[in-house]
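Contents: one structure, followed by commentary.
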Amino acid sequence: MSRPPAASERGAEVGRRIGVGLMYGLWKPRVLGAWKVPATGPVIFAVNHSHNIDGPMVMGVAPRPTHFLIKQEAFIGPLDPFLTGIGQLKVDRTTADRTAITRALDVLAAGGVLGIFPEGSRGEGDFASLRAGLAYFAVRGNAPIVPIAVLGSSQRRGRLIKGLPPLRSRIDVVFGDPFEAGDGSGRRTRRALDEATERIQKQLTAHLENARRLTGR
């Protein structure tokens, strides 16, 4: 079986630059704590998810290019080659998508940034329901997790485009301190991953609460 092609780091940098132009052009991002992102080496961004612009917003304000795991339903028509071209990763959420898993681990092995919505799908954005995938990638990829809270993207609808936040409105993106998901033992058993998921949820929930205090959201 042939190995899936690696996600393009150059493409992800192009995606970051596009994100910078769009996000700062259409809204007013306020970014807190971006300096906490490790400058080099594998990193996982764990992002709350309450609106479709949360991913592009993080791509545009993060200090490093990001490869997000994105549901395959988003890769339709011209978006398919575009998202692939800017280094994003298609994932089938209905099964254990081995191709997506391999490509995501390859991003970390190459010292890149993997973006994950740990809640699995768009919802309240409060990290209340986490999937085990985040723990698996963090432990297997030996990568610290940087929690990210995007606040203000779903509070109001825009007048011109109902599906987007009001143009030129403020959206807060708060980066937290990186942390290790594992217990240091290197174990990858089901129990170890369950324990790691519990640790991750506590860290992400605490970060979100702190982000809300900082921003007044």
Side-chain angles (χ1 to χ4, degrees), residues 7 9 12-13 15-16 19-20 23 29-50 54-70 87-89 101 103-120 125-151 171-188 192-215 217:
E9 185 72 10
E13 173 59 21
R16 188 186 73 83
V20 169
M23 297 304 111
R30 180 172 64 169
V31 184
L32 304 175
W35 58 269
K36 297 178 180 180
V37 177
T40 60
V43 175
I44 295 175
F45 286 166
V47 186
N48 68 322
H49 196 24
S50 59
D54 294 339
M57 181 61 67
V58 171
M59 287 179 64
V61 304
R64 295 176 60 183
T66 309
H67 305 269
F68 267 101
L69 279 169
I70 302 174
Q88 305 311 295
L89 307 175
I101 292 170
R103 298 189 75 203
L105 290 174
D106 284 347
V107 166
L108 297 175
V113 179
L114 179 66
I116 295 179
F117 300 110
E119 296 158 286
D126 58 2
F127 293 124
S129 177
L130 263 63
R131 296 189 175 189
L134 176 54
Y136 174 81
F137 287 121
V139 174
R140 178 77 183 275
N142 193 29
I145 296 172
V146 172
I148 302 176
V150 181
L151 303 172
I171 297 176
D172 294 319
V173 184
V174 185
F175 292 78
D177 294 313
F179 66 92
E180 301 291 337
D183 58 6
S185 68
R187 293 181 302 135
R188 301 174 187 171
L193 292 179
D194 287 344
E195 292 172 353
T197 298
E198 289 183 15
R199 283 191 291 272
I200 291 169
Q201 186 161 32
K202 289 178 181 178
Q203 292 271 13
L204 298 187
T205 300
H207 171 66
L208 184 59
E209 292 174 353
N210 183 56
R212 285 173 172 161
R213 284 195 297 270
L214 284 174
T215 61
R217 293 284 189 176

Output a table of donor-acceptor pairs, distance under 3.5 Å, between side-chain atoms of residues 31-46 and any protein atom two or more places apart or on a different chain; print 'none' if there are none.
none

Contact check, side chains of [X] and [Y], non-hydrogen atoms, under 4.5 Å:
X      : Y      : value
Glu9   : His67  : yes
Phe117 : Leu69  : no
Val174 : Ile148 : no
Leu151 : Ile171 : no

Please report the shortest heavy-atom distance between [X] and [Y], naming the atom on each side.
X      : Y      : value
His207 : Ala149 : NE2-N, 3.6 Å
Thr66  : Ala12  : O-CB, 4.0 Å
Leu204 : Pro147 : CD2-CB, 3.4 Å
Gly60  : Val20  : O-CG2, 3.1 Å
Phe137 : Leu114 : CG-CD2, 4.1 Å
Gly55  : Phe68  : O-CE1, 3.7 Å

According to salt bridge (charged side-chain N to carboxylate O under 4.0 Å, His left out), who are the partners of [X], at least two apart in sequence or on a separate chain?
X      : answer
Arg140 : none
Asp172 : Arg30, Arg170, Arg217
Arg199 : none
Lys202 : none

**OP:** Just jot down the side chain to side chain donor-acceptor pair (under 3.5 Å) partners of Glu180, sequence neighbours excluded, or say none.
**Re:** none
Subject >> Partner residues of Glu195 under the side chain to side chain donor-acceptor pair (under 3.5 Å) criterion, sequence neighbours left out >> reply: Arg187, Arg191
Subject >> Verdict with reasoning, Val61 to Phe175, per side-chain contact (heavy atoms from CB on, under 4.5 Å) >> reply: CA-CA 10 Å; Val61 304; Phe175 292 78; 4.2 Å; yes
**OP:** Could you check Val47 against Ile116 for side-chain contact (heavy atoms from CB on, under 4.5 Å), going step by step and ending with a plain yes or no?
**Re:** CA-CA 6 Å; Val47 186; Ile116 295 179; over 6 Å; no
Could you measure the distance from the [atom1] atom of [X] to the [atom2] atom of [Y]? Nearest 0.5 Å is fine.
X      : Y      : atom1 : atom2 : answer
Leu193 : Leu134 : CG    : CG    : 10.5 Å
Phe179 : Gln203 : CZ    : CD    : 4.5 Å
Asp54  : Met59  : CG    : CE    : 13.0 Å

Subject >> Qualifying residues under side-chain contact (heavy atoms from CB on, under 4.5 Å), relative to Arg103, sequence neighbours excluded >> reply: Pro4, Ala7, Leu89, Thr99
Subject >> Asn210: partners by side-chain contact (heavy atoms from CB on, under 4.5 Å), with sequence neighbours left out >> reply: Arg213, Leu214
Original post:
What residue pairs, at least two apart or across chains, pass salt bridge (charged side-chain N to carboxylate O under 4.0 Å, His left out) with a residue in residues 37-46?
Top reply: none
**OP:** Could you check Arg16 against Glu13 for salt bridge (Lys or Arg N to Asp or Glu O under 4.0 Å), going step by step and ending with a plain yes or no?
**Re:** CA-CA 5 Å; Arg16 188 186 73 83; Glu13 173 59 21; 3.0 Å; yes
